[in-house]
Amino acid sequence: MASTSLQPIQGMSDISPPDVYLWQMIEERAREVFARYRFQEIRTPLLEKTELFTHSLGDTTDVVTKEMYSLQDRGGRNLSLRPEGTASAVRYIAAGAEETANARVFYMGPMFRCERPQAGRKRQFHQIGIEAVGAPNPRADAEVIALQLHLLSAWGLEGAKIRLNTIGLPEDRAAVVDGLREAIRPRLSELPEDAQQRFETNVLRLLDSKDEAVQKVIADVPPVIEFMSADSRAYLDTVVETLRSLEIDVEIDPSLVRGLDYYVHTVWEVVHGGLGAQNAISGGGRYRIQIGSKTIDGVGFAMGVERMIAALGSNGITAEQFAPKPAVFIVSLGEAALKENMLLAQMLRYRGISCEMDLGDRKVKAQMKRADKAGAAQVIIRGDTELEKGIFVLKNMADGTQREVELPELMELL
RNA sequence: GUAGGUGUAGCUCAGUUGGUUAGAGCGCCAGAUUGUGAUUCUGGAUGUCGCGGGUUCAAAUCCCGUCACUUACCCCA
């Protein structure tokens, strides 16, 4: 058992081989898909002014009030590790000129939230996300959702579902809140105490409560869309219609709400079974963020990589399947051969052939065993006898056959 | 912040009402005739039983504390 001082801090973990190969696969395929949809990568700092997050996410949201890693630098500036990626991306876009007005960007990297860790929740976790900036257009929302599904299939994920809803425009918010309160008020006494408080502070949040008593009341409440303007309803209709024409199946979930204040219109979540309580692998939506003197409209999503990996794992997709294997393993016997084989290995590596060898003076059997474990397709055996004759024994590990070859032929066969 | 669970070999875990040399499987290393890998057989190494204190003739086992991990609530990816 490792001593505690050797462990990373709570809620953060090392990603080591072979796990890292799954991460690489996910990142590589994401880049391929993003390129097809013409999204470009941006890399923003992990540390930002705290106010960037309080202003864009909402200064009463849980993420901002109790989950940020905040600190003061030596100049007394209030800084925070980013708890999500949209704020930074939008800051970058708002700072730019005309050409970024319709930016399509993606990012991947660590995010930080100082919460109690549990299944599917780390304090340092990783997100892959995109932002498509531009005036609200329901077709853009649909395209982003289509991209999201494309990603899932590129990764080989089965069994994910999309839940979609609208939370309307800020102008609708008052009507929605009033409408909900009106509908719930007669049964307020049925709710537990904390839910009654939320009735006052944030009624919307009651919709996705896990509390049975709350759900019972919510079940009889009309869907939020009924309190919205005709425009907001038409917006959702167009999103759904566009998705249908792309043959994308979504489930409308009137109870879906989001925890960040910047969302408008369309919001959605990708959920997957077999993940534990945190079953959302991705959250997305359309947003409107005031930043400086500008208002940025956009639509995007962020996927939790750790949760994605858990979902893939429940589909039987594991890191081992993506671990690279050496093209060739070199077995040596004798001092002179070992020395020559290191030179051979170097030459092969410079020619782009991945190659592993044992630098000790272990027995052939032990070296063969290691070659097998490493998954080498072929093994070169060269001892002092081969060295004298100027030949190489090349063994095919799959069928066990082997032959003696000279250097030119060896190079051809590798 | 609140509540439950767990902490024994590199990994997964067993350890019976406290009883003396703490186990298994996997992995690792070595051997089964001379330089050949998935199998089989034989042998071997490795533990401050999370840490600290207490009860006891005796503690991995009981009690207290502490740390870590884990699951769930809140909320979120």
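Proteins get letters first, then strands, A, B, ... in listed order; numbering begins at 1 in each.
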Residues of residues 200-212 of chain A with a heavy atom under 4.0 Å from any atom of RNA chain B, listed by number, are A:R205, A:K210
Using a 3.5 Å cut-off and no angle test, enumerate the donor-acceptor pairs between side-chain atoms of residues 59-71 of chain A and protein atoms at least two apart in sequence or in another chain.
| unit_1 | atom_1 | unit_2 | atom_2 | d |
| --- | --- | --- | --- | --- |
| A:T61 | OG1 | A:G58 | O | 2.8 |
| A:T65 | OG1 | A:T61 | O | 3.0 |
| A:S70 | OG | A:S80 | OG | 2.7 |

Interatomic distance, CG@A:L22 vs CD1@A:I15, rounded to 0.5 Å, equals 10.5 Å
Of B:A72, B:A68, B:C74, the nucleotide closest to the side chain of A:D62 is B:C74
Donor-acceptor pairs under 3.5 angstrom involving side-chain atoms of residues 403-414 of chain A: please list them, not counting sequence neighbours.
| unit_1 | atom_1 | unit_2 | atom_2 | d |
| --- | --- | --- | --- | --- |
| A:R403 | NH2 | A:E409 | OE2 | 2.4 |

Check the side chains of A:Y37 and A:H150 for a donor-acceptor pair under 3.5 angstrom, ignoring hydrogens and angles.
yes
A:E48 meets the salt bridge (charged side-chain N to carboxylate O under 4.0 Å, His left out) criterion, sequence neighbours left out, with A:R91
Taking pairs as Watson-Crick (N1-N3 plus N6-O4 or O6-N4) or G-U wobble (N1-O2 and O6-N3), each distance under 3.5 Å, the stems of three or more consecutive pairs with RNA chain B are B:1-7 with B:67-73, B:10-13 with B:23-26, B:28-32 with B:40-44, B:50-54 with B:62-66
Within residues 304-316 of chain A, those residues having any heavy atom closer than 4.0 Å to RNA chain B are A:G304, A:R307
- Message: Using a 4.0 Å heavy-atom cut-off, does A:E269 contact any base of the nucleic acid, only the sugar-phosphate backbone, or nothing at all?
- Response: nothing
What I want to check is whether the side chains of A:R286 and A:Y235 have a donor and an acceptor closer together than 3.5 Å. yes
Quiz item: Is A:R382 touching bases, backbone alone, or none of the nucleic acid, heavy atoms closer than 4.0 Å?
Solution: nothing
Give one of base, sugar-phosphate or nothing for A:G276, where a contact means two heavy atoms less than 4.0 Å apart. sugar-phosphate
Contact class for A:Q367 vs. all strands (heavy atom < 4.0 Å): base, sugar-phosphate, or nothing? nothing
Just to be sure I understand the rule, does A:K66 reach a base, reach only the sugar-phosphate, or reach nothing, if contact means heavy atoms closer than 4.0 Å? base
